[in-house]
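The sequence lines fix the lettering, A, B, ..., with proteins before strands; numbering per chain opens at 1.
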Amino acid sequence: MSVLIFVENWDGKFKKLSFELVSYGSKLAEMLGKEVIVLSIGKVDNSELEKLGKFGANRIISAFNDSINCFDSRLFTSIIAGFAKQEGAEVVILSNNNTGKAIAPRLSVNLKAGLGAGVGKLPTGISPFVVYKKVFSGNAFANLTIKSAIKVLTLAQNSFVLIETENSATILEVNVPIDQTMMQNRVIEVNKQSGKILLTDADIVVSGGRGMKSGDNWTPLLEIAELLGAATACSRPVSDEGWRPHEEHTGQTGKIIAPNLYFAIGISGATQHLAGVSSSKYIVAINTDKDAPIFSAAQYGIVGDAGKVLPKIVEALRQQKGK
Amino acid sequence: MKILVCISNVPDTTTKVKFVDSLRKLDTQGIQWVINPWDELSLTRALELKDDPLNQVQSVTVAHVGLVGAEPTIRKALAIGADDAIRINAEPTDAYFVAAQLARVIQENSYNLILCGIESSDYNGSMVGGMVAEFCEYPSISSVSAVKIENGQFIFTREIDGGKEVVTIPAPVVAIIQKGIAKEPRIAAMRGIMMARSKPLKVVEPSVAEPLTEIVAFELPKPRAACKFVDPENPAQLINLLQNEAKII
């Protein structure tokens, strides 16, 4: 019996969220008294795979097949389900990112396993198996019992600390046979920006709202992001106006993020916006209206006009960084 | 070509949620129910596809798992422009149960394209679409921000980390829809509202399926500590607090 963790790779590399998953899975396996198996699909070097061992993996299965040329949720589901059955997995864990969201529900049906999506903490109980998750877009939480013998969990990004262990894992490479009929996605075009900090991965996010007044006023905000090594985001009206691209929209219908620090600049903090950012560990709000709801969600606030305050923050940051 | 849009009935997104029965049940009093925002966008896009005769879309159907109380929401979807609706007459207990019901309807009626919103704004599970696809043994594509039809073939744009990918998948296929699919949700016109009353709304009884999960208790978020205000003339103080108090930069 085991806890099986699926980790995806980005051009053969893992990220912080991969290690969060393994840390989480190891702690859970400890509660259950089970073995920790990590499954990676696609070509990844051993030196990279070994990193997973440091976070508590007992065994690493590196599955590959040269004919896999793109991500296909049905195919990946069948591969993961195959290993879950083979290894007698009691819990299967994935990230709650795009890939995890595409696979986990399919896996749930395939394994007849109840799904706890977007969990951020270890289960509050093992028998019955109870997980704690956000509902109503962060306006409430729910204790969810998973009644099936097998459970599938997806872990919210940046919600679980990395726990390094003295462990080292064995690595098993498997050339996995695949059913070609499961692979029906054909990629025509890929459009990818490299080198940019991803909004969902970022520790710090600097976000602008309607209070920025125009898409032309973004320079100091971008400078702050640059100085802090942060990603940039925006509120819905901003992306609707086309001041910033849709990919930057954080909020209920946009991206849900949980950075360590979130700057809400010229954002009033409507329920729908807070739904996307309320899991941030710290929120800094800058707004002209001292009664704006964003200040009830923030730890630090400045009542003032973004156009006047931002250049001063840039200045202060430059001094702090000695630039 | 037939399109199915799966819709969920959710509290209006500005609702202040409250619970009753020792925090075990949602207090439905005074709640305004709406079509789940992502499902509404999916419906809008399905209707846009139908508007263009080149796409040869014969019908856009909506399906919902819920009791009779959800019919105003279903009628709203018909008013917006769906041709007909199917309501599976059961309490939507969990995503697995709901997906099993939808899958049966899909297998009985064979649609070419099935659209599901990426999540519902109440339970935020991102589950039903993928589950439906696995039940039906159909391919699926998630995080879809655009869909078009070219020479009878579906072309999807899906969001990947740091960019976008354009993908074709043969029908039947389940597309799980996120923001960007349509600019604004389509609004029902008076004529649509009138017509919706006479559009077919078929009620079918559920098949046996066992829910795998159950919410045992809700909790409300703890109030945050009061905000510490910094002088707008002296933002260096803010940097100082972030560095030395929060220790976050």
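Interface check for chain B: of the options A/Asp305, A/Ile283, A/Leu198, the most heavy-atom pairs under 4.5 Å are formed by A/Leu198. Looking only at heavy-atom pairs under 4.5 Å with chain B, the residue among A/Lys281, A/Met183, A/Met182, A/Lys255 that has the most is A/Lys255. Interface check for chain B: of the options A/Cys70, A/Ala230, A/Gly114, A/Ala270, the most heavy-atom pairs under 4.5 Å are formed by A/Gly114. Counting heavy-atom pairs under 4.5 Å between each of B/Gln237, B/Glu233, B/Glu184, B/Lys16 and chain A puts B/Glu233 at the top. With chain B as partner, the option from A/Ala316, A/Gly301, A/Gly229 having the largest number of non-hydrogen pairs under 4.5 angstrom is A/Gly301. Interface remark: of the candidates A/Asn260, A/Leu75, A/Ile286, A/Asn260 forms the most heavy-atom pairs closer than 4.5 Å to chain B. Taking B/Ser140, B/Ser145, B/Pro11 one by one and counting their heavy-atom pairs under 4.5 Å with chain A, the maximum is reached by B/Ser140. Among B/Lys183, B/Glu210, B/Glu119, B/Gln243, the residue making the largest number of heavy-atom pairs under 4.5 Å with chain A is B/Gln243. Your options are B/Val10, B/Val216, B/Ile141, B/Asp231, and the one with the most heavy-atom pairs under 4.5 Å with chain A is B/Val216. Among A/Asn97, A/Thr271, A/Val190, the residue making the largest number of heavy-atom pairs under 4.5 Å with chain B is A/Val190. Contacts with chain A were tallied for B/Pro223, B/Ala217, B/Ser142; B/Ala217 has the most, counting heavy-atom pairs under 4.5 Å. Chain A forms more heavy-atom pairs under 4.5 Å with one residue of B/Lys179, B/Glu134, B/Met127, B/Glu219 than with any other, namely B/Glu134.
Here the straight-line distance linking atom OG1 of A/Thr250 with atom CD of A/Gln272 works out to 12.5 Å at 0.5 Å rounding. The OG atom of A/Ser73 sits 7.5 Å away from atom CD1 of A/Ile103, with the distance rounded to the nearest 0.5 Å. To the nearest 0.5 Å, atom NZ of residue B/Lys228 and atom CG of residue B/Leu238 are 11.5 Å apart. Within the model, atoms CD1 of B/Ile187 and OG1 of B/Thr44 stand 9.0 Å from one another, a figure rounded to the nearest 0.5 Å. Rounding to the nearest 0.5 Å places CG of B/Asp122 at 5.0 Å from OG of B/Ser8.
The existence of a salt bridge linking A/Lys312 and A/Glu315 is excluded, since no basic side-chain nitrogen approaches an acidic carboxylate oxygen closer than 4.0 Å. The pair A/Lys16-A/Asp203 meets the salt-bridge criterion, since a charged nitrogen lies less than 4.0 angstrom from a carboxylate oxygen.
Heavy atoms of A/Thr99 lying under 4.5 Å from chain B are absent altogether. Looking at A/Phe129, there are no atoms closer than 4.5 Å to chain B (heavy atoms on both sides), in backbone or side chain. Heavy-atom distances place both the backbone and the side chain of A/Leu115 under 4.5 Å from chain B. Using a 4.5 Å cut-off between heavy atoms, A/Ala113 touches chain B through its backbone atoms (N, CA, C, O) alone. For a residue to count as touching a neighbouring chain, one of its non-hydrogen atoms must lie under 4.5 Å from one of that chain's; by this rule A/Gln299 touches chain B with backbone and side chain alike. Heavy atoms closer than 4.5 Å to chain B are found in both the backbone and the side chain of A/Gln252. In this structure, chain B has a heavy atom under 4.5 Å from the side chain of A/Ser239, while its backbone stays farther away. Proximity to chain B is absent for every atom of A/Ala104, based on heavy atoms less than 4.5 angstrom apart. Heavy atoms closer than 4.5 Å to chain B are found in the side chain of A/Leu228, but not in its backbone. Both the backbone and the side chain of A/Ile146 come within contact range of chain B, judged by heavy atoms closer than 4.5 Å. For a residue to count as touching a neighbouring chain, one of its non-hydrogen atoms must lie under 4.5 Å from one of that chain's; by this rule B/Ile248 touches chain A with backbone and side chain alike. Proximity to chain B (any heavy atom under 4.5 Å) is shown, for A/Lys308, by neither the backbone nor the side chain. Residue A/Val284 touches chain B through its side chain alone, counting heavy-atom pairs closer than 4.5 Å. With a 4.5 Å cut-off on non-hydrogen atoms, B/Ala226 touches chain A through its backbone but not through its side chain. Neither the backbone nor the side chain of A/Lys151 comes within less than 4.5 Å of any heavy atom of chain B.
Counting only distance, with no hydrogens or angles, the side chain of B/Asp94 and the backbone of B/Leu212 share a donor-acceptor pair below 3.5 Å. Not one N or O on the side chain of A/Asn96 forms a donor-acceptor pair closer than 3.5 Å with the backbone of A/Thr154. Of the possible donor and acceptor atoms, one in the side chain of B/Arg45 sits under 3.5 Å from a partner among the backbone N and O of B/Val147. Within the 3.5 Å criterion, the main-chain N or O of B/Gly117 finds no donor-acceptor partner in the side chain of B/Gln178. A donor-acceptor distance shorter than 3.5 angstrom exists from the side chain of B/Asn124 to the backbone of B/Ser120, with no hydrogens or angles considered. For A/His273 (side chain) and A/Gly251 (main-chain N/O), no donor-acceptor pair under 3.5 Å exists by modelled atom type. Listed for the A/Lys290 side chain is no donor-acceptor partner under 3.5 Å among the backbone atoms of A/Gly304. Side-chain N or O atoms of B/Ser22 include none that pairs as donor or acceptor with a backbone N or O of B/Arg24 at under 3.5 Å.
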Q. Given A/Phe141 and A/Tyr132, is the ring pair (Phe, Tyr, Trp, His ring centres under 6.0 Å) satisfied, shown in steps?
A. CA-CA 7 Å; A/Phe141 296 89; A/Tyr132 184 78; 5.2 Å; yes
(Q) Using the rule given for ring pair (Phe, Tyr, Trp, His ring centres under 6.0 Å), can you reason through A/Phe295 versus A/Tyr300, listing the C-alpha separation, both sets of side-chain angles and the distance that settles it, and then say yes or no? (A) CA-CA 8 Å; A/Phe295 287 120; A/Tyr300 300 111; over 10 Å; no
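Residue A/Asp11 places its CG atom among 12 or fewer non-hydrogen atoms of other residues, nucleotides or ligands, all under 6.0 Å distant. A 6.0 Å sphere centred on NZ of B/Lys18 holds no more than 12 heavy atoms belonging to other residues, nucleotides or ligands.
Within residues 149-168 of chain B, the residues having any heavy atom under 4.5 Å from a heavy atom of chain A are, by residue number, B/Ile155, B/Arg158, B/Glu159, B/Ile160, B/Asp161, B/Gly162, B/Gly163, B/Lys164, B/Glu165, B/Val166, B/Val167, B/Thr168. Within residues 26-42 of chain B, the residues having any heavy atom closer than 4.5 Å to a heavy atom of chain A are B/Leu26, B/Pro37, B/Trp38, listed by residue number.
B/Ser121 and B/Thr13 make their closest contact through OG-CG2, 4.0 Å (heavy atoms, listed as atom of the first residue, atom of the second, distance). Taking each heavy atom of A/Lys134 and A/Ser279 in turn, the nearest pair found is NZ-OG, 3.1 Å. Pairing each heavy atom of B/Val132 with each of B/Ala103, the nearest pair is O-CB, 4.4 Å.
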